[in-house]
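Notes for the one structure printed next.
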Amino acid sequence: MTIIRAKNIKKTYNHETLPLEVLKGLTFDIEEGEFVAIMGPSGSGKSTLLHIIGFLDQQTSGTCHFNGKGMDDYTEDEIAHIRNKDMGFVFQAFNLLPRTNVYDNVKLPLIYSDRPEKEWHDLIMKAIKAVGLEHRVKHETSQLSGGEKQRVAIARALVNDARVIFADEPTGNLDSKSGSMIMKTLQELNQKHGYTIILITHETYTAEHAQRIIKIIDGQIKSDRKVRKRHDANHGFKK
Amino acid sequence: MKVLSQLKIAVGGLRTHKSRSALTILGIVIGIMAIIMVMAIGKGAEDLILDQIRGMGSRTMSVEPGRMPEGLGDVYDIFTESLGGKEVEAIKNRNNVRGDNRVAPFVGLMETVSHENEKMRTQIHGASELWMEILTISPEEGQMFTDADVKQIARVAVIGSEVRKELFGESDAIGQKIKIKGQNFKVVAILPPTGVMMMMNIDDLIILPYTTAQKILLGISHYHAILVEAETEELVPLIAEDIKKTIRELHSITDPSQDDFKVGTMDEAMEIISGVTSALTILLTAVAAISLVVGGIGIMNIMLVSVTERTREIGLRKAIGATKTDIITQFLLESVILTIFGGILGILVGAGFTWLTGFAIREFGGFVSWKFYFPISAVFLGVGVAATIGLIFGLYPASQAAKKSPIEALRYE
């Protein structure tokens, strides 16, 4: 089933001097359960593309559908609801709440969800266990290593059972060992638990963890190839 | 999103910056405290003054020489010698003034009083038995001087409890002599400790027959006031008019604006005092309200700083599903919690200071009848005003926060 359909996506930033065209007509589909790496050098427009397909930003022209509908088909509140329920974001800079412990950081998406509060604890603990941080539950984020912080961010993306995890350079701020652990975690989430993963990276060895690599250069798709066989796992931890 | 979770987030946000939050609410605490204190002390003062005036009895009127000054150059007119024996007799005459009224002249002065080596400067009233009845005081020791003493210009004195303490200490004062302006006066009675009544400290008072004070101490033939106790309360306005008419005829005054005397009733006095204290309360409340507005602007300023500082957090919250309403609610709740907390603290501190002020007024000011007044409406007003200020001044920062695009907010450095 196609979960993301991008058709001729263009994005232009209107700078004071000259308009800057970052994306120049990108078209692709992403199936549910896929692990796709969007790869390209700095400034190629890959992060902008992730923000558009993650409904965090809007394209200048073209269409981008998530689950059959475009951003314009939803109200602002519905988009917020989709981001909460169906999407999970992992950022290069972790973006964790300061002076807040692991448990409360992972809890954050649930606060904005319709899930009953009595279910929260189990969901939070499952997500924390999935990234192997159960021994750090009460630690504040400032007490964690970079790799652990990124695992907290992944747990936060998982906690509300998102269908798609958008990871924007998740290993960019990590050493190679921690980066490799994060990639293994993402791979496991895709292969064992059926999460759709969309990974943004500029590193070839990071991209190689994915099943499919879309290479972008200068705002255009240079190549789109499958590098691994897809694993068809059922989505979620509960199954 | 659940209200409780919203509250937890807001409280968490505030707890992260404890000292900043504390300083922010200080402005609100001071504003609410000022309003509470102004309301409570204003009301307490009004009640006290009205009680003191009411203490003179609603039948009592005073006729005083001079008239209200109409400007700075007019000040001499206040101290005229327009009231003397013939005015007293004219007022007593039932052909002039209706009713079976009691009339008593009054003179007052400040003088040094001594007994052996002890000295004190205090207020001396030249009055009669009627004055004591108006004050509703009876001597604690000894006997009050009589009308016969007044007629005979007797050198007798009734002294307040503080005067006795200052001049005689623990020893017996009745029958002893006190010296005023080189003249000896025999102490015939001592008043009980009474405190302030009718804006006078009774304990510091010395009362002499008015004839004695007038002739021996002052050497004058006029009076400083004529006290009139009307036969009935209903007759007061009519009697006041009769008195005015009588004295005008006596002084050949045709134009009332040229009156060289004034007649005051307790109702008029209470009306004036009530008006003055209400106006003062309004004025002071307005000043206190300004400090609240300043506190509110402080809140807005801090909330704007907080929004800027937490731009990435706002971006993150939006990215993981917070709606505009969620963000507005979070920041509004933060400012409302700050102001409500400040309001409650302001009420408590205000009540405490009001009580302390009342205590000081009673203990050190001698106003024993001062009542601790704390209107329950002040609590609702305090919290209501504080919450409204939080809402009004928190709305702009909150809407600024909610407007932020998630991706721009996440990119904020």
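Order of the sequence lines fixes the chain letters, A, B, ..., with proteins taken first and strands second; residue numbering starts at 1 for each chain.
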* Could you walk me through whether B/E313 and A/L97 pass the side chain to side chain contact (heavy atoms under 4.5 Å, CB included) test, one step at a time? => CA-CA 7 Å; B/E313 181 195 319; A/L97 290 184; 3.3 Å; yes
| query | Could you walk me through whether B/L316 and A/L96 pass the side chain to side chain contact (heavy atoms under 4.5 Å, CB included) check? | reply | CA-CA 8 Å; B/L316 171 72; A/L96 301 177; over 6 Å; no
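The CD1 atom of B/I407 lies 10.0 Å from the CD1 atom of A/I52; values are rounded to the nearest 0.5 Å. Considering CD1 of B/I320 and CG of A/L108, their distance stands at 3.5 Å, rounded to 0.5 Å. The distance from the CG atom of A/L56 to the OG atom of B/S405 is 8.5 Å, given to the nearest 0.5 Å. Within the model, atoms OG1 of B/T325 and CG of A/D77 stand 5.5 Å from one another, a figure rounded to the nearest 0.5 Å.
With sequence neighbours left out, the ring-ring contact (aromatic ring centres under 6.0 Å, His included) criterion links A/F28 to no other residue.
Atom OH of A/Y103 is surrounded by more than 12 heavy atoms from other residues, nucleotides or ligands within 6.0 Å. In B/E271, the CD atom is not crowded: 12 or fewer heavy atoms of neighbouring residues, nucleotides or ligands sit closer than 6.0 Å. Enclosure of atom NZ in A/K24 by more than 12 non-hydrogen atoms of other residues, nucleotides or ligands within 6.0 angstrom is indicated. Counting heavy-atom neighbours within 6.0 Å of A/E76 CD, excluding the residue itself, gives a total of 12 or less. Enclosure of atom OH in A/Y13 by more than 12 non-hydrogen atoms of other residues, nucleotides or ligands within 6.0 angstrom is indicated. Environment of CZ in A/R5: sparse, with no more than 12 heavy atoms of neighbouring residues, nucleotides or ligands closer than 6.0 Å. The local environment of CZ in B/F372 is crowded, with over 12 non-hydrogen atoms from other residues, nucleotides or ligands closer than 6.0 Å.
Taking every heavy atom of both residues into account, B/K318 and A/R83 meet most closely at O-NE, 3.0 Å. B/A319 and A/F91 get closest at one heavy-atom pair: CB-CZ, 4.2 Å. B/R312 and A/A93 get closest at one heavy-atom pair: NH2-CB, 3.4 Å. Heavy-atom minimum distance, B/A322 versus A/A80: O-CB, 3.9 Å.
For A/F55, no part sits under 4.5 Å from any heavy atom of chain B, backbone or side chain.
Residues A/Y112 and B/T323 are not in side-chain contact: their nearest non-hydrogen atoms beyond the backbone lie 4.5 Å or more apart.
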